[in-house]
Amino acid sequence: MAGHGAEEHPHGADRLCAAGDRVYSRAVRRGRVSRRDADPVPCLLELALLHPDPDDMDWLVPTSPQEVMTRLLRGMYDEVSASQRRVGSAVAAFEWYAGLGRQVQPAPSAGEGSAIRVLDGLARIQAAMDEATQACTTEVLTVQPGGIRREAELSEGLHRALTLRGRGVRMRDLYTHVARHGQGLLNYLELMGDAVEARTLDEVIDRLILFDRTVAFIPANTDRTMALELRHPAIVEYLVTVFERLWRLAIPLTAPLPDTGIEGISHREQSIAALLAEGHQDAVIAERLGISVRTCRAHIARLSETLGAASRTQLGVRIAQVGLDGPPRPAASPTLSVPGQESRTAR
């Protein structure tokens, strides 16, 4: 319709304009809407929220809200996965450059020393972290991979956390969902009170600590006996962006994990199924989710039993058939049928 081009509706399905909201809501309630009523909101057709009724081309039928939610979640999942891959590439590049830096003597005029510094040994890492803690005045952002946090790990940085809390510094921590089961973490958060806010995800990037959005610390080797202290504004800003995107997708520690919508399959098993569909081995899946290989295999065995799979190959087929090969579905999902078994209705 003339005068109602896409430029008048610069939005996506995650934030409909007021007119689009009204028309789409009406279409969902009534099952369809006339083309004439939808003419003022071409965005609904462009976003595939409405499509022609094959039985009567004068009417438009809505895409189900469940399908729209799944599409949005898949888009966010792809975005975060791409960010995680870029961070992994950046860390690998840092390690390579750090290796070159140890082999040659830098020129006296080199100015990169203060922007990227290699900290070799736990003593130097701790000293640099203590220095950053003393200079911090507003916020600390951390990503803590792995599973249940050991008491020793929590005690290691407790003095810094208490110092920051005493100065009114805001702290936000990202963990894996598995960390929810650790009493030590719950005790730590209770001790810190409102100074710390924690959220969890199925999996997170490697360890990251950001002070005041000016200095970041990341591991420089697999056993974490070396670290990189990053003060280059562009690098730090990039890491802050990665953190904020992960934080937006994470679930507050005080909130329950969403239901999978498939009877007999837990949230963790849904995450394992998605990683299996990507072709990852058991050990890789266990590491990414912060669980032991033994626990991972126990979940895979339960998945096989629930989906009626007699082999790993058949399990892959079943995972795809019930839609577990992508990001978690929203809580309100349609009835799902597990091949070879009775229909399973979403909880």
(message) If I take atom CG from residue Leu162 and atom CG from residue Leu191, how far apart are they, to the nearest 0.5 angstrom?
(response) 5.5 Å
(request) Taking Gln314 for its side chain and Ala310 for its backbone only, find out whether a donor-acceptor pair lies under 3.5 Å. (result) yes
(message) Test your reading of the model: is there a side-chain donor-acceptor pair from Asn221 to the backbone of Thr225, 3.5 Å cut-off?
(response) yes
(message) Tell me whether Asp212 contacts the main-chain N or O of Thr137 through its side chain, where contact means a donor paired with an acceptor under 3.5 Å.
(response) yes
(message) So which atom in Thr200 and which in Leu253 form the shortest heavy-atom distance, rounded to 0.1 Å?
(response) CG2-CD1, 3.7 Å
(message) Taking Arg224 first and then Asp206, would you say they form a salt bridge - that is, a charged N and a carboxylate O separated by under 4.0 Å?
(response) yes
(request) For residues Met57 and Pro52, report the shortest heavy-atom separation together with the two atoms involved. (result) CE-CB, 3.7 Å
(request) Rounded to the nearest 0.5 Å, what's the gap from CZ on Arg170 to CD on Glu197? Could you check? (result) 6.0 Å
(request) Dump the intermediate steps for side-chain hydrogen bond (donor to acceptor under 3.5 Å, both in side chains) on Arg160 and Gln134, then the final yes or no. (result) CA-CA 8 Å; Arg160 284 191 293 270; Gln134 292 301 321; over 6 Å; no
(message) Tell me the closest heavy-atom pair linking Thr214 and Val236, and the distance in Å.
(response) O-CG2, 3.8 Å
(request) Return the set of residues passing salt bridge (charged side-chain N to carboxylate O under 4.0 Å, His left out) with Arg248 (not counting sequence neighbours), or none when no residue passes. (result) Glu79
(message) Does Gln281 have more than 12 heavy atoms from other residues, nucleotides or ligands lying within 6.0 Å of its CD?
(response) no
(message) Using a strict threshold of under 4.0 Å (side-chain N to carboxylate O), is an ion pair present between Asp58 and Arg35?
(response) no
(message) On a heavy-atom basis, which atom in Asp282 and which in Cys296 lie closest, and how many Å separate them?
(response) O-SG, 3.8 Å
(request) Only one of Leu210, Ile205, Leu201 passes side-chain contact (heavy atoms from CB on, under 4.5 Å) with Val143; say which it is. (result) Ile205
(message) Could you see if Val284 belongs to whatever hydrophobic cluster contains Ile272? Use Ile, Leu, Val, Met, Phe, Trp, Tyr and a side-chain cutoff under 4.5 Å.
(response) no
(message) I need the minimum non-hydrogen distance between Leu228 and Ala220, along with the two atoms involved.
(response) CG-CB, 3.9 Å
(request) Applying ring pair (Phe, Tyr, Trp, His ring centres under 6.0 Å), name anything that partners His299, two or more places apart in sequence or on another chain. (result) none
(message) Glu244: which residues meet the salt bridge (charged side-chain N to carboxylate O under 4.0 Å, His left out) condition with it, sequence neighbours left out?
(response) Arg172, Arg213
(request) Evaluate the side chain to side chain contact (heavy atoms under 4.5 Å, CB included) criterion for residues Arg26 and Asp37: first the C-alpha distance (whole Å), next the side-chain angles of each, then the deciding distance (0.1 Å), finally the verdict. (result) CA-CA 10 Å; Arg26 189 190 316 150; Asp37 289 344; 3.7 Å; yes
(request) List for me each residue that meets ring pair (Phe, Tyr, Trp, His ring centres under 6.0 Å) alongside Phe243, sequence neighbours excluded, and say none if there are none. (result) Trp247
(message) Restricting to side-chain contact (heavy atoms from CB on, under 4.5 Å), what partner residues turn up for Ala234, sequence neighbours left out?
(response) His232
(message) Is there a side-chain contact between Leu249 and Arg199 in this structure, where contact means two heavy atoms from C-beta onward sitting under 4.5 Å apart?
(response) no
(message) On a heavy-atom basis, which atom in Ala250 and which in Leu174 lie closest, and how many Å separate them?
(response) CB-CD2, 3.5 Å
(message) Do Val140 and Thr142 have side chains that approach each other closer than 4.5 Å (heavy atoms only, starting at C-beta)?
(response) yes
(request) Any chance you could measure Leu50, atom CG, to Cys43, atom SG, to the nearest 0.5 Å? (result) 8.5 Å
(request) Applying salt bridge (charged side-chain N to carboxylate O under 4.0 Å, His left out), name anything that partners Asp21, two or more places apart in sequence or on another chain. (result) none
(request) Go through the steps for Asp53 and Leu60 under the test side chain to side chain contact (heavy atoms under 4.5 Å, CB included), then give the verdict. (result) CA-CA 5 Å; Asp53 185 341; Leu60 301 172; over 6 Å; no
(request) Determine, using the 4.5 Å side-chain heavy-atom cutoff (strictly less than), whether Leu49 and Trp59 are members of one ILVMFWY cluster. (result) no
(request) Would you please test Ile218 and Glu229 for side chain to side chain contact (heavy atoms under 4.5 Å, CB included) and show each step? (result) CA-CA 7 Å; Ile218 62 173; Glu229 179 184 322; over 6 Å; no
(message) Using a 3.5 Å distance criterion without hydrogens, assess whether the side chain of Thr63 forms a donor-acceptor pair with backbone atoms of Ala48.
(response) yes
(message) Checking Ile285 against His280 for the side chain to side chain contact (heavy atoms under 4.5 Å, CB included) test, could you report, in this order, the C-alpha distance in whole Å, the side-chain angles of both residues, the deciding distance, and whether it holds?
(response) CA-CA 6 Å; Ile285 295 173; His280 297 294; 3.8 Å; yes
